[in-house]
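Here's the structure, in structure tokens; my notes come after.
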2 protein chains.
Amino acid sequence: MAVELIAERGVRDFSLAEASRRLGVTVAAPYRHFADRDELLAAVAVRALGTLEAALAAEVTGGDPPERRLAAIAGGYVRFATAHRPLFETLLRSGIDKDRFPEVRRAAEPMESLFTSCVLTVCGDDPGVAAALAGAVLATAHGYATLLLDGTAGGGVEVSPAAAEGAVLALVKGRSALPE
Amino acid sequence: MAVELIAERGVRDFSLAEASRRLGVTVAAPYRHFADRDELLAAVAVRALGTLEAALAAEVTGGDPPERRLAAIAGGYVRFATAHRPLFETLLRSGIDKDRFPEVRRAAEPMESLFTSCVLTVCGDDPGVAAALAGAVLATAHGYATLLLDGTAGGGVEVSPAAAEGAVLALVKGRSALPE
DNA sequence: GTCTATACCCGGATAGAC
DNA sequence: GTCTATCCGGGTATAGAC
């Protein structure tokens with residue numbers, strides 16, 4: 001399928017034309033499978049979300065304490081960004097219209113509920129803290145992942161799944177400082 | 001100058017042609033001022049870094065305690081991303097070759113030293129913790145900023161400068177959990 | 001410094017044959 | 001399902017006149 005081949009290239013300047021060339025077919029061929037470029041990209045995004053959710057779910061199977069599981073999710077998020085960079089890029093930068101392709105939004109739901117349930121397990125007693133912590137963890141994991149992707153990080157900074165996990169543990173530990 | 005006009009549009013699909021049109025000149029005009037498209041983008045990036053550095057420096061003028069100043073930097077970073085979205089986008093997504101335009105790298109240095117000195121003030125006693133904290137704060141601020149930019153954040157999550165500041169305070173407070 | 005004109009390249013998309 | 005052929009639009013960049 002054409003879908004896999006996109007992974008060879010980033011989405012930044014992904015084009016059906018180039019993908020077709022790499023596949024050894026002409027530019028007209030993809031239109032037998034997808035209405036247009038965006039529809040193909042949406043299909044890739046759905047696949048990416050499935051893979052990501054599976055990866056995150058696999059991270060939390062152990063009998064670890066709640067904060068470790070939350071950290072594992074963040075680590076898994078960053079790990080996914082490096083291991084499946086093109087898929088992750090598709091999720092972030094494809095510019096898919098989620099109103100036109102609601103299946104993309106739907107594909108993200110299992111992952112989101114996994115995440116929020118994990119946050120609630122850490123601090124289910126206080127919904128206010130839970131919301132703030134959820135945002136902080138999301139931002140941190142997302143931040144590490146994008147730093148990895150863009151290579152934006154300056155010299156001495158370590159950017160890795162392990163670093164993301166540590167940061168989440170620190171957030172949990174110091175969560176009383178979060179605003180509500 | 002043409003430089004300002006880029007701010008009207010994102011960098012995602014920024015083109016000299018469209019910018020020229022908006023300026024009311026022809027597409028040939030910019031080439032009197034810049035060798036090519038990338039050179040213009042690099043000039044914008046340098047300007048953006050200057051503005052960002054000034055904004056962050058203004059955040060830390062007060063006599064606040066160290067961790068508050070670090071939080072203020074993160075908050076300022078996110079604030080900048082919203083207030084000067086096109087400039088921030090240029091920094092992240094212009095795809096500038098920093099080897100070709102070393103002035104871009106140089107323009108980032110003042111900001112970086114401001115940041116690292118601020119981190120060291122918070123925990124100068126331990127270089128290992130300082131490095132880990134620097135990474136975590138950077139990732140968190142960057143994460144909030146990019147979440148804002150992309151609108152990636154799901155429904156209930158609050159993404160704001162204040163949230164970023166709170167997260168940094170939490171990181172500082174729980175920094176003993178960071179890996180070294 | 002800006003214009004006109006032009007050349008070139010590339011991507012998206014469709015029609016119709018096989 | 002894929003091909004050939006084709007159209008359209010848009011962007012980059014240059015040459016030469018004003």
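Side chains are part of it too, since the values below use all heavy atoms of this structure and drop only hydrogens, waters and symmetry mates. By convention in this document, chain letters (A, B, ...) are assigned in the order of the sequence lines, proteins followed by strands, and residues within each chain are numbered from 1.
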Given DNA chain C, 5'-ward residue of the pair A:A35 and A:E18, judged by closest heavy atom: A:E18
Side-chain donor-acceptor contacts of residues 62-76 of chain B below 3.5 Å, not counting sequence neighbours, with atom names and distances?
none

Expected list for residues 173-180 of chain A: side-chain donor-acceptor pairs under 3.5 angstrom, two or more places apart:
| unit_1 | atom_1 | unit_2 | atom_2 | d |
| --- | --- | --- | --- | --- |
| A:K173 | NZ | B:S176 | OG | 2.5 |
| A:R175 | NH1 | A:V172 | O | 2.9 |
| A:S176 | OG | B:K173 | NZ | 2.5 |

Gap between atoms CG and P, on A:D36 and C:dG12 respectively (whole Å): 10 Å
Summary of side-chain hydrogen bond (donor to acceptor under 3.5 Å, both in side chains) pairs that have at least one residue in residues 48-61 of chain B, sequence neighbours excluded: B:E59-B:R79
Sugar-phosphate, base or nothing in reach of A:R32, heavy atoms under 4.0 Å: base
Can you name the atoms? Protein N/O to nucleotides 8-10 of chain C N/O, anything below 3.5 Å, with the distance.
none

Gap between atoms CD and P, on A:E39 and C:dG12 respectively (whole Å): 14 Å
Sequence neighbours excluded, every pair satisfying ring pair (Phe, Tyr, Trp, His ring centres under 6.0 Å) that has a member inside residues 111-151 of chain B: none
Gap between atoms CG and P, on B:D13 and C:dG11 respectively (whole Å): 14 Å
B:L91 backbone acceptor or donor facing B:S94 side chain under 3.5 Å: no
Residue whose nearest DNA chain D nucleotide is more 5′ - A:V27 or A:H33: A:H33
5' to 3' contact window, DNA chain D with chain A (heavy-atom distance under 4.0 Å): D:dG1 to D:dT4
Contacts under 3.5 angstrom, residues 121-135 of chain A side chains, donor-acceptor by atom type, not counting sequence neighbours:
| unit_1 | atom_1 | unit_2 | atom_2 | d |
| --- | --- | --- | --- | --- |
| A:T121 | OG1 | A:S117 | O | 2.7 |
| A:D126 | OD1 | A:G128 | N | 3.0 |
| A:D126 | OD1 | A:V129 | N | 3.4 |

Whole-Å gap separating P (C:dT4) and OH (B:Y31): 16 Å
Which residues share a salt bridge (Lys or Arg N to Asp or Glu O under 4.0 Å) with A:D38, sequence neighbours left out: none
Salt bridge (charged side-chain N to carboxylate O under 4.0 Å, His left out): pairs with one or both residues in residues 134-163 of chain B, sequence neighbours excluded: B:R93-B:D150
